[in-house]
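The block underneath contains the structure these notes are about, expressed in structure tokens.
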There are 2 protein chains.
Amino acid sequence: MGTWFTEKQTDHFGITAKVNRSLHSEKTDFQDLEMLETAEWGNMLVLDDMVMTTEKDEFVYHEMVAHVPLFTHPNPKNVLVVGGGDGGVIREVLKHESVEKATLVEIDGKVIEYSKKYLPSIAGALEDERVEVKVDDGFMHIAKSESEYDVIMVDSTEPVGPAVNLFSKGFYEGIAKALKEDGIFVAQTDNPWFKADLIRQVYSDVKETFPITKVYTANIPTYPSGLWTFTMGSKVHDPLQVKEERFEDIDTKYFTDEIHHACFALPKFVKDLTKE
Amino acid sequence: MGTWFTEKQTDHFGITAKVNRSLHSEKTDFQDLEMLETAEWGNMLVLDDMVMTTEKDEFVYHEMVAHVPLFTHPNPKNVLVVGGGDGGVIREVLKHESVEKATLVEIDGKVIEYSKKYLPSIAGALEDERVEVKVDDGFMHIAKSESEYDVIMVDSTEPVGPAVNLFSKGFYEGIAKALKEDGIFVAQTDNPWFKADLIRQVYSDVKETFPITKVYTANIPTYPSGLWTFTMGSKVHDPLQVKEERFEDIDTKYFTDEIHHACFALPKFVKDLTKE
């Protein structure tokens, strides 16, 4: 049989993946970090026993975090990514020619270090000259920023451990302040099969701060249930009003202009989470 | 830990679910049948070690097989379901008032028997007076039918074992003959992460027989990768041309009129499978 890594996604359900070998394992100041070479998914980053990203399916998450808000904004120049130390969101952000600066604020420098070493196709973009990498607390960075960013993406872990502050109403208010007057933010907000209450709460909290609040989804096979949600808060621009000519021709494997619109069509049981 | 059921969805990846108890287990004339009571998904039907349906997530598959073609057809009266002995597709078909008769042709009577016993919320619809249940070979049933059905749904197992004939070009030609002149058919066609070649082949085969051939997707957490595809062949009616007023108000948990359109927007790597 060999070695298998199993993530218990709930108390009663999980995924299991064959491991060729462990590339690295350590307890950082913030979390347990493991880098595994798997047979199905390529190299896999695991934090606190949860799959964060894999070489095979990472494109879905990273494209969908980045391109939906970036195409919703008419001219994004200054972009902030909170979390996301693997560099995948930054890689996608840099595909947009309008972007002049992309700042990454990751609390755990070890995530960056070992992503660069073992996930070079993902983290390589962190070396780009338009990128500034800060090893810092995202919550504090946001609190210090004012009218600075066009788009902010929150690429956090689950709302346990280091990311717990990133799912609070105060954080969304800070984001609104950190954004310019027509700014947009997106956060990953887990899955509706096992975390319905979280999605309902985040939607409700974001809606109190942002005039336009919408949930969209993507299929990510190694994440719990495979159906992942993202919650967008926007001050002015409506993602469903983007004109065809706004979409530049960028190289993607998941995102298309059709997906940009279709991802907001929610399954009924998910849509119901966004009703008062 | 207790007992866990693990389905190896590929040689190197799988899902694992806590089992409270086994309700039934037997080798039928066609396959290994197991009915498990699981802690996360409720009762679960397993055929040849593959999850077929669970009480918790069955609604996605059954709604998406049934409602997309049934709303694409302007007035479906006579419907055939090949396979689907659990009765879930039939339950959804019966939500359409226009349907006068729904025939189920399932090769394995044991699937029907134990679904009625252990999945009553799914299989109960098989008792409806509009339903005729035949324990028979779907391939042979299709071969004997001519200009008979408005909509045919192929709710098969994987293309191994008893269902292997249901993924052949000859079968799709037979379906075209069994349909009326404006008939529509849909087949479940597995997932694009692990079975890309199958989707490409089915799409190509169906396209040679049906003027309108389209692939759509749904998220099913207990199926491999969570991203499931369905391939539709239609003689006349285009699923993307359905008018708003065609949608009746039916009770669903996944399907909506927005999803009807959005489900045809394919992730780029899936869309690429439908190109020549």
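Treat the numbers as computed from the prediction; the structure is a model and nothing was measured.
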Q | Heavy-atom side-chain contact between E258(A) and K271(B) under 4.5 Å | A | yes
Q | Contact class of T252(A) relative to chain B, heavy atoms under 4.5 angstrom | A | both
**Q.** Pairwise side-chain contact, I15(A) with T16(B), heavy-atom cut-off 4.5 Å (strictly under)
**A.** no
Q) Quick one: CG on L227(B) to CG on L227(A), what's the gap to the nearest 0.5 Å? A) 10.0 Å
Q. By number, which residues in residues 213-221 of chain B have some heavy atom less than 4.5 Å away from chain A?
A. N219(B), P221(B)
Q | Which portion of V270(A) sits near chain B, non-hydrogen atoms under 4.5 angstrom | A | neither
(Q) Can you list the residues of residues 32-46 of chain B that sit under 4.5 Å from chain A, counting heavy atoms only? (A) A39(B), E40(B), W41(B)
Q: Heavy-atom distances under 4.5 Å only: say whether V19(B) touches chain A with side chain, backbone, both or neither.
A: neither
(Q) Could you measure the distance from the NZ atom of K268(A) to the OH atom of Y254(B)? Nearest 0.5 Å is fine. (A) 14.0 Å
Q) Roughly how far, to the nearest 0.5 Å, is OG1 of T256(A) from CG of D272(B)? A) 10.5 Å
Q: Report the option among V60(A), D57(A), T6(A) that has the most heavy-atom pairs separated by less than 4.5 Å from atoms of chain B.
A: D57(A)
Q: Output the residues of residues 188-202 of chain B for which the shortest heavy-atom distance to chain A is under 4.5 Å, in residue-number order; output 'none' if no such residue exists.
A: W193(B), F194(B)
Q) Which atoms of K56(A) come close to chain B, meaning under 4.5 Å heavy atom to heavy atom: side chain ones, backbone ones, both, or neither? A) both
Q) Can you name the residues of residues 237-249 of chain B that have some heavy atom under 4.5 Å away from a heavy atom in chain A? A) none
